[in-house]
Amino acid sequence: MVQTHAHSFDWRDKIGYAFGDLGNCFILGLVNSFLTIYYTNALGISGAIVGGLFLSARFIDAFADVTVGRIADITPLTKNGRFRPWIKWVKYPFCAITVILFLPFVSNWPMIWRVVYIFVTYLVYGILNSCINIPYGSMASAISENPDHRASLSTSRSVGAAIGGAATGFIIPLLVYQTAANGQKVVSANRFFMVSIMCAVIAFACYNVIYRMTTERVQVKKTERVSASKLIKGLFTNKALMALVFADFFLVINQNLSGTLATYLFTDYFQNSTALSIALLFTYGTVVVLAPFATKLIKSFGKKEASIACLAFGTFMYLLMYLLHLTNPWIYLILLFLATLGSGMFNLMVWAFITDVIDYHQYLTGFREDGTVYGVNSFARKCAQAVGGGLGGFMLTAIGYISSTTGGATQSAAVINRIYAIGNLIPAACMFLGMLTLIFFYPLSKKKIDAVDARLAERRAEELSAQKQEA
């Protein structure tokens, strides 16, 4: 442990950390929710090819996450910390590749070159995403060792993500659609390009804020290189990590698909782009609604316990919407708001779950491996995104969805009803499986994590006392 003389943890860290995911979501909100419809309706690429792209790219990204996490853990500690320097430098290429994803003139290329273009640019995007997000996520456990501080960082991050996601979800549909001659709302490649520039500029400014306002106080200088066998054994004996990996896997599939499915649901089933903006606002905005109550819920019940209750409620609401088979978009939106409250609690607390798992790993093994543990969990999240992205594209093809280069084609009634079905049943299934995983396999109840934190605090006090005696 390196003794630091930084100012005490305060509002600067919380606001700065929130800006990290605020910036991320101006890019991720654009790419995750709208890239599929851009590829199918502006570039004319089939859903099966898009699904194959997302499936293969996410698996590559998953290995990139673990690699970046391990590199961050073993590189020499700097005066600015272990993770902040990554954000300082990677923001340049990451923001640039976001714009390159939406070059409008690509729609005029031969199909083979369009396919090459989307595979190359999306793979580069994914790797750069790992290089900025793994250090950013790992940084939370380095900003403070206090569990309450870390919970507040998780809340701040989730609020930042919610604001960024809600802003992009609400604003982007209003900007990228135009009305065709037949009165149908269609997407515009040129408008997507301008929106990508806007999102990249905002994200770049946010990354500057997080770098300047946060401080890494928990700085561990690695004096002993952990062997690969010890590292792997420690990771697989960490039951909390393995359980979180599976719970996160199911819930990220839901999170990844919800924006994409909502886009098609409100474009083709309800045919209402204004309602789409509000729906995507709910997808992220419910986190903001829950944020003021999060700390109290955690202190009273625990992260695991509160998340289980909310996931059960969300599962019920999605099943209810499926059975009602609503045709009024505004009534559907009311129920959707309630349903997203269910996944909102887990999304709000997921980063605090990870810092608990990092502490639990140190408690079990004696080694502090923030980046590696975070990278392993991120590996699962990327695999889930791979499955979610692939599943979304494959399902569109399976239900008979017609692609277009003119902004959108008219779908049959059968296809439209299938869109409604998968838009509700898939979130219900994912939330139910995530809930079961937390109930039966995640060991860190409120009582257990309090005991782990107390023991680690004792160890740190002993280490600092020994260092003072040696000095």
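Residue indices begin at 1 and follow the sequence shown.
Applying the side chain to side chain contact (heavy atoms under 4.5 Å, CB included) test to L326 and every residue at least two apart in sequence or in another chain returns L324, I331, Y332, L335, Y420. Among residues two or more places apart in sequence or in another chain, the side chain to side chain contact (heavy atoms under 4.5 Å, CB included) test is passed with C310 by M345. Remark: Y318 engages no residue in a side-chain hydrogen bond (donor to acceptor under 3.5 Å, both in side chains) (not counting sequence neighbours).
A pairwise comparison of heavy atoms in L30 and S196 identifies CD2-CA, 3.7 Å as the closest pair. What you find for L103 and Y117 is that their closest heavy atoms are N-OH, 3.2 Å. Taking every heavy atom of both residues into account, A189 and A42 meet most closely at CB-CB, 4.2 Å. In plain terms, the two heavy atoms of L319 and L425 that are nearest each other are CD2-CD2, 4.2 Å. When every heavy atom of L276 is checked against every heavy atom of A262, the shortest pair comes out as CD1-O, 3.4 Å. Shortest non-hydrogen contact noted between G434 and A247 is O-CB, 4.2 Å.
In this structure, N328 CG and I334 CD1 are separated by 8.5 Å, a value rounded to the nearest 0.5 Å. How far CG of L311 is from SG of C430: 11.0 Å, rounded to the nearest 0.5 Å. Distance check: I308 CD1 to K303 NZ gives 13.5 Å after rounding to the nearest 0.5 Å. Put simply, CD1 on I134 and CZ on R70 are 14.0 Å apart, with the number rounded to the nearest 0.5 Å. Interatomic distance, T437 OG1 to F246 CZ, rounded to the nearest 0.5 Å: 8.0 Å. Rounding to the nearest 0.5 angstrom, the gap separating the CD1 atom in I143 from the OG atom in S138 is 11.0 Å.
Annotation: Y264 is in aromatic contact with Y401 [ring centroid separation under 6.0 Å]. With ring centers used as reference points, Y136 lies under 6.0 Å from Y17. Taking the centre of each ring, Y122 and Y125 come in below the 6.0 Å mark.
Under the 6.0 Å distance and 45° angle rule, K91 does not count as a cation-pi partner of Y207.
Here the side chain of R418 pairs a donor or acceptor atom with the backbone of I399 at under 3.5 angstrom. Put simply, the side chain of D248 never gets that close to the backbone of L244: no donor and acceptor are under 3.5 Å apart. Looking only at distances, a side-chain donor or acceptor of T98 sits under 3.5 Å from a matching main-chain atom of F94. In terms of modelled atom types and a separation under 3.5 Å, the side chain of N254 and the main chain of A428 share no donor-acceptor contact. Remark: the backbone N or O of N24 is not paired with any side-chain donor or acceptor of D21 at under 3.5 angstrom. A distance-only check finds no donor-acceptor pair linking the side chain of R157 to the backbone of A18 [under 3.5 Å]. Side-chain atoms of R114 come within 3.5 Å of backbone atoms of L43 as a donor-acceptor pair (strictly under, hydrogens ignored). Judged purely by atom type and a 3.5 angstrom limit, Q271 has no side-chain atom pairing as donor or acceptor with the backbone of F266. Although no hydrogens or angles enter the test, the distance criterion places no donor-acceptor pair under 3.5 Å between the side chain of S156 and the main chain of I15.
Atom CE of M194 is surrounded by 12 or fewer heavy atoms from other residues, nucleotides or ligands within 6.0 Å. A 6.0 Å sphere centred on CH2 of W89 holds no more than 12 heavy atoms belonging to other residues, nucleotides or ligands. Summarising the local packing, CZ of F316 is surrounded by 12 or fewer heavy atoms from other residues, nucleotides or ligands at distances under 6.0 Å. Applying the 6.0 Å contact sphere to CZ of F432 captures no more than 12 heavy atoms from other residues, nucleotides or ligands.
N32 places none of its side-chain heavy atoms less than 4.5 Å from the side chain of L35. Using a 4.5 Å heavy-atom threshold, the side chains of L261 and L265 count as separate. Looking at P329 and Y269, their side chains never come closer than 4.5 Å, going by heavy atoms from C-beta outward. Counting only heavy atoms from C-beta outward, the side chains of V106 and W113 never approach each other to under 4.5 Å. Residues V68 and N133 have side chains not in contact (no heavy-atom distance under 4.5 Å, counting atoms from C-beta outward). Side-chain contact between F192 and L175: absent, with no pair of heavy atoms (C-beta onward) separated by less than 4.5 Å. In this structure, M139 and T214 have side chains that are in contact, with non-hydrogen atoms separated by less than 4.5 Å. F249 places none of its side-chain heavy atoms less than 4.5 Å from the side chain of V245.
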CA sep, side-chain torsions, deciding dist, call: F353, F346, ring-ring contact (aromatic ring centres under 6.0 Å, His included): CA-CA 9 Å; F353 271 105; F346 182 85; 5.5 Å; yes
Kindly indicate, with the supporting measurements, whether the criterion side-chain hydrogen bond (donor to acceptor under 3.5 Å, both in side chains) is fulfilled by T267 and Y177. CA-CA 10 Å; T267 298; Y177 284 90; 3.1 Å; yes
Test side-chain contact (heavy atoms from CB on, under 4.5 Å) on Y38 and F102 and set out the steps. CA-CA 8 Å; Y38 178 77; F102 293 93; 3.9 Å; yes
Stepwise side-chain contact (heavy atoms from CB on, under 4.5 Å) check, F119 with I49: CA-CA 10 Å; F119 269 82; I49 293 177; 4.2 Å; yes
Quick one: do E216 and F83 satisfy side-chain contact (heavy atoms from CB on, under 4.5 Å)? Show the steps, please. CA-CA 8 Å; E216 292 187 31; F83 306 110; 3.5 Å; yes
Would N208 and K88 satisfy side-chain contact (heavy atoms from CB on, under 4.5 Å), going step by step from the backbone distance to the final call? CA-CA 7 Å; N208 283 330; K88 180 179 181 180; over 6 Å; no
